[in-house]
Number of protein chains: 2
Amino acid sequence: MMSKATQLLTPIKVQDSMEANKPDTATRILDVAERLFVEHGFEATSLRMITQQAEVNLAAVNYHFGSKDALFESVFMRRIGPFVAACLAELDTLEQSGQALTAEQLVVSFIRPCLALSKDPARGGALFVRLMSRTLVENHRLLREALNQQYSIFVQRYTSAFQRALPQFGAEDIAWRMHFAFSVMFNAFAGNDVLKIFVRSQVVTARDPDMIVKHLVPFVVAGLTAPI
Amino acid sequence: MMSKATQLLTPIKVQDSMEANKPDTATRILDVAERLFVEHGFEATSLRMITQQAEVNLAAVNYHFGSKDALFESVFMRRIGPFVAACLAELDTLEQSGQALTAEQLVVSFIRPCLALSKDPARGGALFVRLMSRTLVENHRLLREALNQQYSIFVQRYTSAFQRALPQFGAEDIAWRMHFAFSVMFNAFAGNDVLKIFVRSQVVTARDPDMIVKHLVPFVVAGLTAPI
DNA sequence: ATGACTTTAGAACAAGCGTTTGAAACTTAC
DNA sequence: GTAAGTTTCAAACGCTTGTTCTAAAGTCAT
């Protein structure tokens, strides 16, 4: 048994044979778990649902990942790293130009990776954004600590970038506006519309990612740059 | 046994005696369940957790509400009615003045009931907004249908009000902007900050409702009124 | 005080949960 | 081909879940 420890260190395991067109067991579990966790949440998703749909044995989850909690962590970590890296790469490119950045450029640097994610089924499509929004609300303690340690750089980079882009605002105002901005951006891509609780929203059901961006950018930029 | 049906028709049961300062069994269950559903989510909250903390017998939930699902519905319905009514009352007052409404007035008409809720522990405090945001993400099918039937008027009223306040935009643009606006307002009051996944956010942890409003209104109004 | 009704109580139920086990099947290297 | 290592499998484990049952206790008008 080599998996429980090493799997976490090499989470992005490529499909190493073409003899069957199915991905290997661990990947199949990750894919199904990702979808079911998004659909029903962590607690409401049983290992039996996952293993059945993934067509693997029930014990395979504990063999490959150690526990249901560890499986969730693996599901999440498989996506978060590349996503954060993509955002930071956008920031790098912008800052290398040497020119002063606008709020709109910063907004787009976050939205572009979201958009790429939404359009690429191989990277989980829109699932990961929805998984993040569920995770945010479900408040997995263990996951939070891991993310705090690994990815706080994400917020730091954006914070200082926004402080330079909006020098007229103090640090506290910037924090509030980023809070609002990322909140609306994330929920837009996750498809979380409060109004859809009350009526069948035509906005959210027809979810062309490009349409989201088209309407989202002006809204967020205006909110960020509005005089106090 | 009179409760399963009639309880739903008279959900706001006042404490009818002062001989003990405890509310009656059904109310005590509702209060504890509301808090635990918000804290841990529906699936992760067991009836035993609820009944233990409410200091009632385990069977009391099924006796008074029929099932765990029905309990959730009761918890939600106890709050949603008064909240929607408060928003619509604000709209009524505004529209009775006869003058043309601004986007800011409409935003405030929604925020004011949120604020009142947040400040009144007797009405569940900030719990209900957080419950809504969890419900939104957890997607209770039964609840959705009930809300669709009863409270679609809420969205209709706000939609037509915004169309009059922002006549320069088409219906589709209005829908998108309302989607974004209510999304950010709700998540602000629910304390859902994406960034807090990555770092301990000072914005969200210090949650003075008045501070939320002070920063929220300019952001949302600017987003709503921004040229396309 | 009696009888009808409502509410509480403890115990039990079947079903589902995450996890573990130990043996079988498969893969890989020599 | 054999041995070592890896992965799959069916079965079972102990435990918790929502729900139900029946009897006891409490309430209240007559």
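Here is the naming used below: chain letters follow the sequence lines, and residue numbers restart at 1 for every chain. Just so it is clear, the values below take in all heavy atoms, side chains as well, and ignore hydrogens, waters and symmetry mates.
Regarding contacts with the backbone of C:dT7, every side-chain N or O of B:Thr25 stays at 4.0 angstrom or more from both OP1 and OP2. The side chain of B:His64 places no N or O atom within less than 4.0 Å of a non-bridging phosphate oxygen (OP1 or OP2) of C:dT6.
B:Phe65 has its CZ atom 16 Å from the C1' atom of D:dT19, to the nearest Å. Rounded to whole angstrom, the span from the CG atom of B:Leu71 across to the C1' atom of D:dT19 amounts to 14 Å. Residue A:Ile50 contributes atom CD1, which lies 12 Å from atom C1' of C:dC17 at whole-angstrom precision. In this structure, B:Asn57 atom CG and D:dA24 atom C1' are separated by 12 Å, rounded to whole Å. Between the CG atom of B:Asp24 and the C1' atom of D:dT27 there is a distance of 15 Å, given to the nearest Å. Atom CD1 of A:Ile29 is separated from atom C1' of C:dG18 by 14 Å (rounded to the nearest Å). Summarising the geometry, the separation between CG on A:Asp69 and C1' on C:dT19 is reported as 12 Å, rounded to the nearest angstrom.
Of the candidate nucleotides C:dT19, D:dT8, C:dA12, C:dT19 has the atom lying nearest to any side-chain atom of A:Leu58. Comparing D:dT8, C:dT19, C:dT8 by their nearest atom to the side chain of A:Tyr63 picks out D:dT8.
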Please set out all donor-acceptor pairs under 3.5 angstrom arising from side-chain atoms of residues 145-156 of chain A, sequence neighbours excluded.
from: A:Asn148; atom 1: ND2; to: A:Arg144; atom 2: O; distance (Å): 2.8
from: A:Ser152; atom 1: OG; to: A:Gln156; atom 2: NE2; distance (Å): 3.4

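A:Ser109 and A:Tyr158 share a donor-acceptor pair across their side chains, judged by distance under 3.5 Å alone.
Residues of residues 36-48 of chain B that place a heavy atom closer than 4.0 Å to DNA chain D, in numerical order, are B:Thr45, B:Ser46, B:Leu47, B:Arg48.
Of the listed residues (A:Arg79, A:Arg28, A:Arg134), just one forms a salt bridge (Lys or Arg N to Asp or Glu O under 4.0 Å) with A:Glu34, and that residue is A:Arg79.
Put simply, the side chain of B:Thr45 gets close to the backbone of B:Leu36: a donor and an acceptor are under 3.5 Å apart.
Taking for each of B:Ala59 and A:Lys68 the nucleotide of DNA chain C with the nearest heavy atom, the 5'-most of the two is the partner of B:Ala59.
Residues satisfying the salt bridge (Lys or Arg N to Asp or Glu O under 4.0 Å) test with B:Arg130, not counting sequence neighbours, are none.
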Report task. Step by step, work out the salt bridge (Lys or Arg N to Asp or Glu O under 4.0 Å) result for A:Arg112 and A:Glu90. Result -> CA-CA 9 Å; A:Arg112 199 141 46 191; A:Glu90 296 269 348; 3.1 Å; yes
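Atom CD of A:Glu172 has 12 or fewer heavy atoms from other residues, nucleotides or ligands within 6.0 Å.
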